Amino acid sequence: MSRPVRVRIAPSPTGEPHVGTAYIALFNLAFAKKNGGKFILRIEDTDQERSRPEWERQIMEGLRWLGLLWDEGPDVGGPYGPYRQSERAEIHKQHAERLVEQGHAYRCFCTKERLDALRAEQKAQKLNPGYDRHCRDLDAATIQANLSAQKEFVIRMKMPTEGQTTVHDLLRGEVQFENGGVDDQVLLKSDGYATYHLANVVDDHLMEITHVIRAEEWINSTPKHILLYQMFGWEAPVWIHMPLLRNADKSKISKRKNPVSILDYKQRGFYPPAVLNYLAMLGWTMPDGRELFSFQEFVDNFSFDRMHLGGPTFDMEKFTWLNGKYYREKLSDEDLVQDFREQLFSADYLRKIVPLVRERINKGEDFIPATDYFFSGDVTLDVEAMKPKKKTYKELVAAFEPYTERIDAQVDFSASALEAWTRAFTEELGFSGKELFPAIRIAISGREASPPLFDTMSALGRALVRRRLRSALAALKAAATEENKRLQKEASEAKKLADAAAKASKETPADPSAVQATLAAMVEPVAVPEGPDKKGR
RNA sequence: GGCCCCAUCGUCUAGCGGUCCAGGACGGCGGCCUCUCACGCCGCAGACCGGAGUUCGAGUCUCCGUGGGGUCACCA
């Protein structure tokens, strides 16, 4: 008799809710609904370095916004809790110990330094990287000595060195792996927390997960998971590895090439059912080929048979078209009024904006023109105005790029936190606030004057700020390229001039003023780049 | 690089051996509708990665290439 279907998603709270998480969640939920099963949310926060409660909150917010609701999870509870792995650390530890006792795992005392050196050596010799199993067969005395010396250790899995492990993937059939090619994975880190491999197996078993539906990037570690199930003597779930969402260049979808946070789409005013509809049609098709369908219709017709395994490109253009289709065909005027009111002009959002502009306007009709950049997507940029007088575009890019990069890691998006962080970071980048802040202001608002920068950023929110910083960065890079071309041209012209002057000075006795002029020609355009620049475009 | 996955129009895909001179959608182009724009409608261009094999017959099955992707952490 088969067990009731239970599936889960296991996001790691190390960043904003990812569109890939939503994609996998959607198929898990559909499968659960189709089979009358349960859908579980489990937070995989065993990475103490990077996990943040704030990200966990946002992941839940993003999934909830889309209507991808879980039956059991850290917030709603359930009979198999706790649903946050950090709270299950003791369980994981016990299981790791059990494997050690049974001889399926061992303590490894190798230091980070040793492992790094090992990897470097392997790389130098063009060998396959991997742990050399140095601690696999330590004698009891040595282990005891290390333990008494309080040496830090991890627990590693003792992989068989022979034979194969077959993954029976529902989508891909039998996938074979040589056990010898699989590393002795770390199961328990020296901080006492489990790695993904241990935690996901133990928790999936304890939570009675029947089907593991996850992204294809996991398929290579599935043999380890299967072996773990065997070592514990447990029944493994059914494996289903979904294709990976891609950028336009076919690489795994990433934030540098696509808006990747669910909250980006929320902020852009996409309509949740349209988002689900679009995600569902990446790799999956309705039996009758319909492209417009509801989540319920998706569930009713769902089957993994209809999955296409090539990694689909996330195409903003088609996605946008589909969203428009919902506006035109699925939503009434009243629906749109509601949606706009909740998403675009929510009281929460207006409450952030009004305090920033009330001193700057005198009557209601001034509000929209004064705040248009709070309600639109991209903004028109005056790239020239962004450049500090004494810096080049290249230098500005060199500061803007890391700034843009690190905004994603900025957990606290309050004005004061942004200000403290930005000021420190600006200094680190070798810029003064006077130089960098105006550029940021223009990037995020399209204006040279706005309410206080950090209040404005905080109110705009991470999604919009990131988006505008990225597009400003692209514009600056283009300007830097132009600038570079111009400088090279000027340098070559200066060289010509110098050559001519040198030639002239050979023919006639040295003329100090000619040399002066030549030197000036060589130096000046570089020192004052904005001079000849402006009329050039 | 080793291992693993994948492979039909630019993109998302239909196709589960004959009904495919390969169908639909986005995008592109042209037209119609129309006070404008948009929507909508009509039409056009556009693909089976290559080579062997199996078969009476291959986009569909097998193998080998090629290409793309993933993965090789005390991250998930």
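These values consider heavy atoms only, across backbone and side chains, with no hydrogens, waters or symmetry-generated copies. Residue numbers begin at 1 in each chain, while the letters A, B, ... track the order of the sequences. Keep in mind it's a predicted model, so treat the numbers as computed, not measured.
- In this structure, B/A14 makes no Watson-Crick or G-U wobble pair, since no nucleotide meets both defining distances under 3.5 angstrom.
- With both ends at atom C1', the span from B/G65 to B/C6 equals 16 Å, rounded to whole Å.
- Pairing of B/U62, defined by two Watson-Crick or G-U wobble distances under 3.5 Å, is identified with B/A52.
- Ring centroid separation for the pair A/Y278 and A/F270 does not come in under the 6.0 Å cut-off.
- Across all strands shown, the partner of B/G67 is B/C6, judged by Watson-Crick or G-U wobble contacts whose two distances both fall under 3.5 Å.
- Regarding A/I219, its CD1 atom lies at a distance of 17 Å from the C1' atom of B/A76, rounded to whole Å.
- Applying the Watson-Crick and G-U wobble criteria (two distances, each under 3.5 Å), B/C72 pairs with B/G1.
- Searching all strands for a Watson-Crick or G-U wobble partner of B/G27 with both distances below 3.5 Å returns nothing.
- Contact annotation: side chain of A/S190 to base of B/C74, donor-acceptor pair present below 3.5 Å.
- Put simply, CG on A/L279 is 19 Å from P on B/C26, counting in whole angstrom units.
- Spacing between atom CD of A/E317 and atom C1' of B/C12 amounts to 12 Å, rounded to whole angstrom units.
- For the pair A/K93 NZ and B/C74 P, the computed distance is 19 Å after rounding to whole Å.
- Spacing between atom CG of A/D305 and atom P of B/A14 amounts to 12 Å, rounded to whole angstrom units.
- Screening A/K38, A/E72, A/E208 for a side chain to side chain contact (heavy atoms under 4.5 Å, CB included) involving A/P79 leaves a single residue, A/E72.
- For the pair A/R156 and A/Y106, the cation-pi criterion (under 6.0 Å, within 45° of the ring axis) is not fulfilled.
- Base-pair partner of B/C32: B/G40 (Watson-Crick or G-U wobble, both distances under 3.5 Å).
- Across B/C39 and B/C33, the matching C1' atoms stand 11 Å from one another, rounded to whole Å.
- Here the CD-CG distance, from A/E56 to A/D45, works out to 6.5 Å after rounding to the nearest 0.5 Å.
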